[in-house]
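A short write-up of the structure that comes next.
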Protein chains: 2
Amino acid sequence: MAQVTLKEIADILGISVTTVSKALKDYKDVSEETKKKVRELAKELDYQPNAMALSLRNQESRTIGLIIPEIAHHFFANIINGIILEAEKHGYLVIILQSNESFDLETKQIDLLLNKRVDGILMSLSNETDSLDAIRKIISNGTPLVLFDKISKMVNCSKVIIDDQKAAYEATEHLIKSGCKKIAHFRGPLNPQGSIDRFLGYKRALEDHKITYDPSLVYICNRISSQEGFDYAQQVLKDHPDVDGIFCITDLVAAGAMSYFNKNGIFVPDQISIIGFSNWPISSLLTPSLSTVDQPGTRMGKEALGILVEEINAKKKKEPIEYHLIQLPTKLIARNSSKKS
Amino acid sequence: MAQVTLKEIADILGISVTTVSKALKDYKDVSEETKKKVRELAKELDYQPNAMALSLRNQESRTIGLIIPEIAHHFFANIINGIILEAEKHGYLVIILQSNESFDLETKQIDLLLNKRVDGILMSLSNETDSLDAIRKIISNGTPLVLFDKISKMVNCSKVIIDDQKAAYEATEHLIKSGCKKIAHFRGPLNPQGSIDRFLGYKRALEDHKITYDPSLVYICNRISSQEGFDYAQQVLKDHPDVDGIFCITDLVAAGAMSYFNKNGIFVPDQISIIGFSNWPISSLLTPSLSTVDQPGTRMGKEALGILVEEINAKKKKEPIEYHLIQLPTKLIARNSSKKS
DNA sequence: CTGAAAGCGCTTACAG
DNA sequence: CTGAAAGCGCTTACAG
């Protein structure tokens, strides 16, 4: 059977829709007796307010939109987890869209969400994103927006990120302190801020420890794949036979590199130390176990959603909105892949 | 600025809302001249129909709901990927909820989606789900429902699954053919159908190859974690020093087991062969690379969504709905962890 | 204490 | 060819 409406309850009870509505919302100007009758019947018929009607009437959809480059990705999956968890607490539902690192898709998806009249949007940018017009449209349209992880500094809104530069600095410093003298970096693409910041952290750590930065030790992983890690492992040995440490943009790349070394009798960490980034669940199970940097994905999701809800509420009350920039702490996890004996 | 409405366009042009609406929908009873004027202004003002109003008017939300036990899980993440991809093609948005393997949460989430008046629901059951009342409510409510992966045979609706029994049979047979004589099974919890079916496939493969089934070789991983794999690896060696093969419910469990063996100088595959399940992205990078069974996650998501949309359309046209049971093929992936020399 | 009316933004059967 | 009216299911200011 279809869902019950206020009108049906009103008809059965022989009263008006208005009174039913008010009774259910516990208005003080309805008699206790009427309230009781209404409540009982509503319960019996399992009345549930129609969300479509509520949205239109209240001008809020109680839904927020999320655009993310990739769902099947450990870190993002954790962020989604945090967002959904927190959204449920605040009574929001989450529509998820995947940009697949495509700028065109991302642009279309912004329109989809805007048309859907979501109450707010959470976004992590694709690597391809070069124009910010679509994103600025969200803001000029009056829809609260919070950027997380893959952000652009050029957009004026709240942001939740990790301190990539500091995290990368610590990872690189960890290799240095464990005895590495010549450290390569398998970095991410040139465009995304996070990839730039990790590179800068790497570079700064070298300089602070009086190791000359050598651009030929930096390899670009455009797809951030294990295959690239595998291939560059071979390449870096050819280019620099005396390399003794690698800082990889991601655990996946690090795992690919390690797999090459394992297959070719090069001992990790004795000959080459490796550290990754992200702390994938399986990283501790690699042989040797992979050192890495833990990123608080779930927490990032929760924080981003929390700020978004704040801004939605401020907008409703027509209060001014203050933008936040939150940097979440990361944690270095030293395992066996960087333990020089 | 807020979004433009039909009324605003009508006012500017000095015509009625009705005509604007019809012009935009290219009704034949509107003059070309009017249509042109309306279209141009609509474009200029970037008019986008209000989805809330459309939903209420058309009695469809163009939104479907998805309830899944866990998002941060490789296989499920791929399924979500497939669902979202396909949904976008059909013009549907997807609201995702995570049951976290909790029956209570799952029940609440069903209500949330029903209240939201989603056009259809996609679900994979939690391990805890023992009562099917909430799920049957979806059906009696008239909302199309498709179950995938973790299903219950007791619910009368369409289902998309893999043939777990066959896949497990093949995995076990692969170990037998590679020379294993005494094969343990690190199985999943007792309740979920998939876990039962994989166990049955294991058992049947043994019997078909004249290996006596020994219940003491079966260990239950209630949380399906790598830690359980690690612990049971130690345990099985103690209980059965001559065990020479393990079929694990999941790659994660297998990785845990392999990590124990690697740490304790037990050679995989020479002493013990291991095969997992699911083909996690990192499984090929383990040392030795992990044999496994590939499950078509993305395809499963696409199929499930395709069927759901069919049923939504059939319902709209008041056509009878025919339930499908789709079994997707899996693929055995033999790698080094099961290669006896 | 109760309810008729207006309105959220659309669509469409109907009248002119 | 155009537009007034009704209606999707609610809420709330207002009248009685």
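The chains referred to below are lettered A, B, ... by the order of the sequence lines, with proteins before strands, and numbering in each begins at 1. All heavy atoms count here, side chains included; hydrogens, waters and symmetry mates do not.
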request  = Using both distances under 3.5 Å as the test, list the Watson-Crick or G-U wobble partner of dA4(C), or none.
outcome  = none
inquiry  = At less than 3.5 Å, do the side-chain atoms of Lys7(A) and the base atoms of dG7(D) form a donor-acceptor pair?
reply    = no
query = Watson-Crick or G-U wobble partner for dA13(D), using a 3.5 Å limit on both distances?
reply = none
note = Between Ser31(B) and Gln48(A), whichever has its closest DNA chain D nucleotide further toward 5' is Ser31(B)
ask   = Which value, in whole Å, describes the distance between the P atoms of nucleotides dG9(D) and dT2(C)?
value = 25 Å
task = Please determine if Glu40(A) and Lys36(A) form a salt bridge, counting it only when a charged side-chain N lies under 4.0 Å from a carboxylate O.
result = yes
remark   = From NZ of Lys35(B) across to C1' of dC1(D) the rounded distance in Å is 11 Å
Nearest-nucleotide pick for Lys22(B), side chain only, options being dG9(D), dT11(D), dT2(D) = dT2(D)
task = For Asn50(B), answer base if it contacts any base atom (sugar-phosphate contacts may also be present), sugar-phosphate if it contacts only those atoms, and nothing otherwise; contact means non-hydrogen atoms under 4.0 Å.
result = sugar-phosphate
task = Figure out the CG/P separation between Asn58(A) and dA6(C), and round it to whole Å.
result = 20 Å
request  = Check if the side chain of Ser16(A) and the base of dA4(C) share a donor-acceptor pair of N or O atoms closer than 3.5 Å.
outcome  = no
inquiry  = Please give the distance between the P atoms of dG7(D) and dA4(C) as a whole number of Å.
reply    = 15 Å
inquiry  = Please identify which of these residues, Val30(A), Leu24(A), Val20(A), Thr19(A), meets the side-chain contact (heavy atoms from CB on, under 4.5 Å) condition with Lys35(A).
reply    = Val30(A)
message = What is the separation between atom CE on Met52(A) and atom P on dG7(C), rounded to the nearest whole Å?
response = 24 Å
query = Is any side-chain nitrogen or oxygen of Gln3(A) closer than 4.0 Å to OP1 or OP2 of dG9(D)?
reply = no
request  = Tell me what Leu54(B) touches on the nucleic acid: a base, only sugar-phosphate, or nothing, going by heavy atoms under 4.0 Å.
outcome  = sugar-phosphate
Residue-phosphate contact under 4.0 Å: Thr34(A) side-chain N/O, dT2(C) OP1/OP2 = yes
request  = Give the rounded distance in Å between these two atoms: CG of Asp26(B) and P of dC1(D).
outcome  = 12 Å
inquiry  = Does dG7(C) have OP1 or OP2 under 4.0 Å away from a side-chain N or O of Gln59(A)?
reply    = no
remark   = Assign each of Thr19(B) and Ala53(B) the nucleotide of DNA chain D bearing its closest heavy atom; nearer the 5' end lies the nucleotide of Thr19(B)
message = Apply salt bridge (Lys or Arg N to Asp or Glu O under 4.0 Å) to residues Asp111(B) and Lys137(B) and explain how you reach the verdict.
response = CA-CA 9 Å; Asp111(B) 276 333; Lys137(B) 186 172 157 191; 2.6 Å; yes
ask   = Reckon Thr18(A) touches a base, only the sugar-phosphate, or nothing at all at heavy-atom distances under 4.0 Å?
value = base
ask   = Could Lys316(A) and Glu60(A) be called an ion pair, given the rule that one side-chain N must be under 4.0 Å from one carboxylate O?
value = yes
query = Do you know which of Ile95(A), Leu125(A), Ile135(A), Ile110(A) makes side-chain contact (heavy atoms from CB on, under 4.5 Å) with Ile67(A)?
reply = Ile110(A)
ask   = Does Tyr47(A) have a side-chain nitrogen or oxygen under 4.0 Å from the phosphate oxygens OP1 or OP2 of dC10(D)?
value = yes
request  = Return no unless some side-chain N or O of Ser21(B) is found under 4.0 Å from OP1 or OP2 of dT11(C).
outcome  = yes
